[in-house]
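Order of listing sets the numbers, starting from 1, for every ligand and every atom in it. From a predicted model like this one, the values you see are computed outputs, not experimental measurements.
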Amino acid sequence: MCDGMSAFRGLLLLLLLSGFVAFHELEALKITRLSVPRWIENGTLESVTLDCEYSLTDKDNRLVVKWFFNDDPKPIYQWIPELGSRLVSEKLQGRIDMNFSVTPSSKFTEFRNLRILKPTSQLSGKYSCHVASFNGIDTAEGEMTVYAPAKLLRFNYTKTKSDRAKFSCEVGHVYPVPDISVYKISPGESEPTIITDGVAKVSDQDDSYRVLVTYEVKDSELKPDGATRFECLILFPGTDYKRYSSITYYPGGAARTVANVQYFGDQSPSGSQSISTYLGMIFLNVALVFGGTNRFENHVMPCN
Ligand SMILES: *[C@@H]1O[C@H](CO)[C@@H](O)[C@H](O)[C@H]1NC(C)=O
Ligand SMILES: *[C@@H]1O[C@H](CO)[C@@H](O)[C@H](O)[C@H]1NC(C)=O
Ligand SMILES: *[C@@H]1O[C@H](CO)[C@@H](O)[C@H](O)[C@H]1NC(C)=O
């Protein structure tokens with residue numbers, strides 16, 4: 001009897017408590033949606049808008065909205081509606097559109113978002129929205145990467161000895177470091193085999209990266225008759241961005257170098273904001289015979 005009673009009391013208390021918690025959750029200041037685009041292409045957008053939606057009650061006075069970038073403890077943007085005060089960090093001075101406001105909006109939502117003008121790769125990183133009032137506090141964060149397509153893809157090999165060759169695949173002026181894979185397709189086959197013993201080296205190149213993958217191929221590992229095709233593929237997972245280069249290799253034969261070079265990018269002199277146009281692609285196939293200066297193939301084919 002007594003046990004039953006205390007169990008009943010316990011249940012009642014639990015019900016009361018959960019009701020209290022639910023009530024509080026309903027009332028507390030809360031971020032309901034954070035919108036930070038995961039991937040955007042460098043140099044293609046006039047602006048990108050990061051938004052942070054929250055639910056408020058009339059208890060939420062002294063509202064402060066802040067945006068943070070990466071692990072910088074100082075906000076890049078801060079808005080206090082009741083004071084009509086908006087601050088942009090030095091780092092983003094001139095990069096934020098201060099005229100832009102949320103529509104429809106209220107006095108407490110108008111300037112909650114961050115509109116970044118002409119987003120570039122340096123603005124890749126973690127963005128956190130931080131909303132606080134006298135009544136509550138909430139935070140949310142999202143990652144944005146402003147990727148820059150490679151400006152160069154150079155794939156070549158040099159026959160270093162009569163029975164082996166050294167391959168290099170170089171990607172230039174790219175951000176961030178892309179996924180880069182090298183494959184081999186044996187004569188008469190269509191399925192590529194991934195080459196796993198390539199060595200990748202990453203170096204800084206202005207505000208971007210240069211990535212060089214090298215590997216050695218021994219003729220004894222290849223099918224002796226016919227051409228083996230080698231491929232180098234770069235991509236950013238999560239985007240449609242993908243580029244590749246391929247080269248044909250015959251075992252044996254004379255010492256030689258074969259190169260396939262592609263340049264990408266906007267080379268228009270006016271430099272206007274053409275949307276990542278891919279204006280020129282130059283193929284260069286060079287075969288050199290050691291001991292001579294006989295360059296017997298050299299095509300330049302500008303496309304588009
Ligand atoms: C990004 O775009 C800007 C403006 O178009 C350009 O100046 C910059 O070099 C680009 N960054 C990279 C990493 O390609
Ligand atoms: C914001 O408005 C001011 C004054 O109207 C104007 O000078 C400025 O260019 C505008 N900025 C943007 C990014 O539109
Ligand atoms: C082959 O590519 C590597 C890396 O891009 C480069 O350093 C080298 O000069 C190239 N060799 C030839 C002959 O094109």
Side-chain angles (χ1 to χ4, degrees), residues 37 39-48 92 94-95 116-125 144-161 164-178 180 182 198-217 230-234 236 239 241 243-249 254-280 282-300:
W39 293 94
I40 59 175
E41 187 178 333
N42 183 54
T44 62
L45 297 180
E46 274 308 299
S47 69
V48 62
L92 283 179
R95 307 290 304 267
I116 302 170
L117 298 165
K118 298 195 195 302
T120 55
S121 297
Q122 295 106 296
L123 292 177
S124 299
M144 179 173 90
T145 304
V146 186
Y147 71 93
K151 294 205 175 82
L152 165 80
L153 178 56
R154 174 168 29 216
F155 191 32
N156 68 25
Y157 72 80
T158 299
K159 195 103 202 195
T160 45
K161 281 188 185 158
R164 66 194 58 193
K166 192 176 172 197
F167 281 73
S168 321
C169 181
E170 178 188 353
V171 186
H173 285 106
V174 69
Y175 186 90
V177 174
I180 169 163
V182 281
V199 177
K201 252 175 38 195
V202 177
S203 46
D204 288 337
Q205 200 171 39
D206 305 325
D207 287 322
S208 55
Y209 296 110
R210 170 182 183 262
V211 187
L212 179 66
V213 172
T214 51
Y215 59 97
E216 193 183 60
V217 168
F230 289 91
E231 290 186 345
C232 179
L233 172 74
I234 59 167
F236 292 124
T239 72
Y241 178 79
R243 291 287 180 272
Y244 91 103
S245 184
S246 74
I247 217 164
T248 308
Y249 180 81
R256 62 195 179 271
T257 289
V258 176
N260 189 345
V261 187
Q262 298 174 59
Y263 294 99
F264 309 100
D266 187 349
Q267 280 139 17
S268 73
S270 66
S272 59
Q273 333 103 2
S274 48
I275 309 287
S276 79
T277 37
Y278 153 57
L279 284 182
I282 300 170
F283 273 103
L284 185 65
N285 273 292
V286 190
L288 296 172
V289 175
F290 279 29
T293 50
N294 202 4
R295 175 185 282 203
F296 54 81
E297 251 194 293
N298 191 345
H299 305 306
V300 178

Is there a protein heavy atom less than 4.0 Å away from atom 14 (O) of ligand 1?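 Flag for atom 14 (O) of ligand 1 set to true, protein heavy atom closer than 4.0 Å.
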Using modelled atom types and a 3.5 Å cut-off, is there a donor and acceptor pairing between side-chain atoms of [X] and backbone atoms of [Y]?
X      : Y      : answer
Thr214 : Phe167 : no
Arg95  : Lys118 : yes
Tyr241 : Ala150 : yes

Which of the atoms in ligand 1, numbered in the order shown and given with their element, are less than 4.0 Å from a heavy-atom of Ala148?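 Answer for ligand 1: 12 (C), 13 (C), 14 (O).
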So if I count the atoms of ligand 1 from 1 in the order they appear, which ones are less than 4.0 Å from some heavy atom of Ser208?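 Atoms satisfying the 4.0 Å criterion: 13 (C).
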Derivation and outcome, salt bridge (charged side-chain N to carboxylate O under 4.0 Å, His left out), residues Lys166 and Glu216: CA-CA 5 Å; Lys166 192 176 172 197; Glu216 193 183 60; over 6 Å; no
Just which atoms of ligand 3 are under 4.0 Å from any heavy atom in Leu212?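 Every atom of ligand 3 under 4.0 Å from some heavy atom of Leu212: 4 (C).
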At a 4.0 Å threshold, what atoms of ligand 3 neighbour a non-hydrogen atom of Asn156?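 Per the distance check, 1 (C), 2 (O), 3 (C), 8 (C), 10 (C), 11 (N), 12 (C), 14 (O).
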Can Ser168 and Glu170 be counted as having a side-chain donor-acceptor contact under 3.5 angstrom?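 Short answer, no.
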Please determine whether any non-hydrogen atom of Lys151 lies less than 4.0 Å from an atom of ligand 1.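 Within the 4.0 Å threshold, so yes.
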Out of Pro149, Pro176, Gly43, whose heavy atom sits nearest atom 5 (O) of ligand 1?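 Comparing heavy atoms across Pro149, Pro176, Gly43, the nearest one to atom 5 (O) of ligand 1 lies in Gly43.
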Between Phe230 and Tyr249, how do the two ring planes meet: parallel, tilted or perpendicular, split at 30° and 60°?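 Perpendicular.
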Between Thr158 and ligand 3, find which residue part has any heavy-atom pair under 4.0 Å and reply side chain, backbone, both or neither.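 For Thr158, no heavy atom sits under 4.0 Å from ligand 3.
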Backbone or side chain, does any N or O of Asn42 fall under 3.5 Å from an N or O of ligand 1?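 So ligand 1 has an N or O lying under 3.5 Å from an N or O of Asn42.
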OH (Tyr147) with more than 12 external heavy atoms under 6.0 Å: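 Yes.
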Checking the N or O distance criterion of under 3.5 Å, is ligand 3 in contact with Arg210?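 There is no such contact.
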